[in-house]
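Throughout, a chain's letter reflects where its sequence line sits, starting with A, and its residues are numbered from 1.
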Amino acid sequence: MNNGKEIKFSDESLALVQRMMKRYPEGKQKSALIPILHIAQAEFDGWLSSETMDYVASVIGILPVEVYEVASFYSMFNMKPVGKCVIEVCRTSSCWLLGAEDVISHLEKKLNIKTGQTTSDGMFTLKSVECLGSCGTAPMMQVGADYYENLSLDKVDSLVERFRADGKRKTYTDKAEARN
Amino acid sequence: MGKKLLLNNDHIPGINTYEVYRKNGGYASVEKAIKTMTPEAIVEEVKKSGLRGRGGAGFPTGMKWSFLAKPEGVARYIVCNADESEPGTFKDRYLMERIPHLLIEGMITSSFALGANTSYIYIRGEYFYVARILEQAIDEAYANGWLGKNILGSDYSLDLYVQVGAGAYICGEETALLESLEGKRGNPRIKPPFPAIAGLYGCPTVVNNVETIAAVVPIINNGGDEYAKVGIGKSTGTKLISASGHINKPGVYEIEMGITVEDFIYSDEWCGGIKNGKKLKAVVAGGSSVPILPADLILKTANGEPRLMSYESLADGGFATGTMLGSGGFIVMDETTSIVKNLWNFTRFYHHESCGQCSPCREGTGWMEKVLHKIIDGHGSLSDVDLLWDIQSKIEGKTICPLGDAAAWPVASAIRHFRAEFEDHVRNSKKVIDPKRLVSNAVY
Ligand SMILES: Cc1cc2nc3c(=O)[nH]c(=O)nc-3n(C[C@H](O)[C@H](O)[C@H](O)COP(=O)(O)O)c2cc1C
Ligand code: FES
């Protein structure tokens, strides 16, 4: 159980999940596993507990191990609890050439955590990730569905303040903010 | 120059919506294909166009299409590769975000040509918001009769779906992509059988990059011969280049193949020169996997010819003095860049992204990262440079998929062209004992 909550999709999510499974030929419903895990992660506290994965297995009708082996392969799935805002800073190539390390160390200082850790109030997790396909607007970071590009340290500060004031969990499945 | 075939309308406000896209000639290729052409004739036009895969390998698209097996009563699939994870590459995102209907249109025309009735666009999970843009465009296409049953009153029907991944560079490799699409780990498959014979669900499948599929639209609209007139030699058409790094004007540029690298870097039409008036040191011309070249060799070939933005010219001289067009991820480095540290950054990437199936790649990428880290922190010896060379040579060509090669080439080329810088590093770096940095880099 996640914080004692029952693991069960909302009616809306369940309907979406069932629609998704129809996208594949008869007998190939396992194809929907990754999209469904995204929905589950968003709905059940931002990470995939073994209860969540067992539940997803039962919804699709596959073995739990088939879910574990997939969930653990992909970097967007969190295998342990994370903060409400997972800040993912690109550390590769052009972002690195243009100051990603400064952004990361600035965030480590500001949030008083190291990369990979979560703040004690459970608000932020800081991660460094590989190229997010936004190299022309480096340095950049992703939080939930949104890309924040052409970062300066000031911009990072004001974003962090905004997320803190907002206080909501951010997930990949959120509707993205309007882009320029 | 300046001919555009894909992004010619990208400045039009609202081109991301169906109405505006259609008003500007959108979906004409589908009309032409379904109403006036046979599938075989479409494949023929694509062959004539000389189009080569834009995902990195540059394989002729028409030829790939003609290899597709067509056993009676077996479904065929076309899967669009929108995984775009090669560092330095962001053109597919730009295209999908700006002109989503161009990809949808290309998918319909291509699916008709190959006789696929269900097609998928596999997009990297981080591009979730782009997936939503595509889904909206697909809904609009269904609502206007371009998708679904009996398209334009023909007996051709097509369903098109977007599938998101979840963060794994390897899923851009086509067989890993198919595994992922089937709901599994992204472990590449042993070839043969090739996807053209046994791909998605064991059925004949074509996997093509976003830009490749989009290029089918102008090819069908204007004819393969017209397309082949653009570009130079066997590098026909235009190419989307993702330009980044130390340049004044980073961004996505559609270029006619054949412009000089020098113009591309220094002209205000494209990169606009090196940032802050600095000097050019090196370029990685086709995404992180292709060999890095020093300034003199990227601007001119070893024979002193101007280097052009084309498959052939960038490859001129082989790996000794040339590189590859790859995905068109053009990463520019100025004189202040440390080639050694940049290489460490790349090797960390490949180590992180190796799927772990083949030991040369799984172990070798980790060792290359460690040895480079040791050199950077001042604990290296001259023999470590040879050790790096040795490790990369034992990965290349010895793995199931080309990720191993992709990890080896940056190391080999950096040592080939910048050996003195590695040796300087070994001789002159201060010994760093900074457990903090080690920790923050190691913890994901
Ligand atoms: C490690 C690795 C990563 C790749 N990533 C991508 C990618 O992100 N996008 C892409 O289109 N092709 C990628 N490819 C190439 C694909 O395997 C395949 O060749 C390509 O999708 C074919 O499409 P095309 O012929 O239209 O280029 C990758 C290959 C390897 C080995
Ligand atoms: S290098 Fe950071 S987004 Fe590509």
Which one, [options], leads in non-hydrogen pairs under 4.5 Å with chain A?
options: B:Gly88, B:Ser288, B:Gly251; value: B:Gly88
options: B:Tyr201, B:Phe346, B:Tyr120; value: B:Tyr201
options: B:Ile247, B:Leu200, B:Asn187, B:Ile331; value: B:Ile331
options: B:Gly125, B:Ser85, B:Ala168, B:Gly186; value: B:Gly186
options: B:Thr336, B:Val252, B:Val164; value: B:Val164

Approximate separation, where rounding is to 0.5 Å, of A:Thr92 OG1 and B:Arg348 CZ: 7.0 Å

Could you tell me which portion of [X] (side chain, backbone, both or neither) has an atom closer than 4.5 angstrom to a non-hydrogen atom of chain A?
X: B:Val162; answer: backbone
X: B:Arg185; answer: both
X: B:Glu126; answer: both
X: B:Tyr94; answer: neither
X: B:Cys171; answer: side chain

Do other residues, nucleotides or ligands put more than 12 heavy atoms under 6.0 Å from [X] [atom1]?
X: A:Asp11; atom1: CG; result: no
X: A:Asp157; atom1: CG; result: yes
X: B:Gln136; atom1: CD; result: no

Within a strict 4.5 Å, meaning less than it, do heavy atoms of the [X] and [Y] side chains meet?
X: A:Asp146; Y: B:Tyr129; value: no
X: B:Ser180; Y: A:Tyr74; value: yes
X: A:Leu98; Y: B:His246; value: yes
X: A:Ser93; Y: B:Phe349; value: no
X: B:Tyr350; Y: A:Glu130; value: no
X: A:Cys135; Y: B:Phe90; value: yes
X: B:Arg132; Y: A:Thr173; value: yes

Aromatic plane relationship, B:Phe128 with A:His38 - under 30° parallel, 30 to 60° tilted, over 60° perpendicular: perpendicular

Using every non-hydrogen atom in the two residues, find where [X] and [Y] come nearest and quote the distance to one decimal.
X: B:Val332; Y: A:Leu97; value: O-CD1, 3.9 Å
X: A:Leu132; Y: B:Arg124; value: C-NH1, 3.5 Å
X: A:Ile34; Y: B:Ala166; value: CG2-CB, 3.8 Å

Check against side chain to side chain contact (heavy atoms under 4.5 Å, CB included), A:Lys22 and B:Asp159: CA-CA 11 Å; A:Lys22 295 215 177 81; B:Asp159 284 313; over 6 Å; no

Sorted by number, residues from residues 24-31 of chain A in contact with chain B (heavy atoms, under 4.5 Å): A:Tyr24, A:Pro25, A:Lys28, A:Lys30, A:Ser31

Salt bridge (charged side-chain N to carboxylate O under 4.0 Å, His left out) evaluation trace for B:Glu135 with A:Arg23: CA-CA 13 Å; B:Glu135 277 177 343; A:Arg23 294 173 176 178; 3.5 Å; yes

Heavy-atom donor-acceptor pair, A:Ser94 side chain to B:Ser244 backbone, under 3.5 Å: no

Salt bridge (charged side-chain N to carboxylate O under 4.0 Å, His left out): pairs with one or both residues in residues 82-91 of chain B, sequence neighbours excluded: B:Lys91-B:Glu211

Chi angles and distances behind the side chain to side chain contact (heavy atoms under 4.5 Å, CB included) call for B:Arg93, A:Tyr147: CA-CA 12 Å; B:Arg93 177 167 76 104; A:Tyr147 275 26; 3.6 Å; yes

Which portion of A:Ser105 sits near chain B, non-hydrogen atoms under 4.5 angstrom: neither

Proximity breakdown for A:Gln142 and chain B, heavy-atom pairs closer than 4.5 Å: side chain

Pair A:Cys131-B:Tyr169, side chain to side chain contact (heavy atoms under 4.5 Å, CB included): steps then yes or no: CA-CA 9 Å; A:Cys131 177; B:Tyr169 168 62; over 6 Å; no

Stepwise side chain to side chain contact (heavy atoms under 4.5 Å, CB included) check, B:Lys341 with A:Trp96: CA-CA 10 Å; B:Lys341 286 189 184 158; A:Trp96 176 81; 3.5 Å; yes

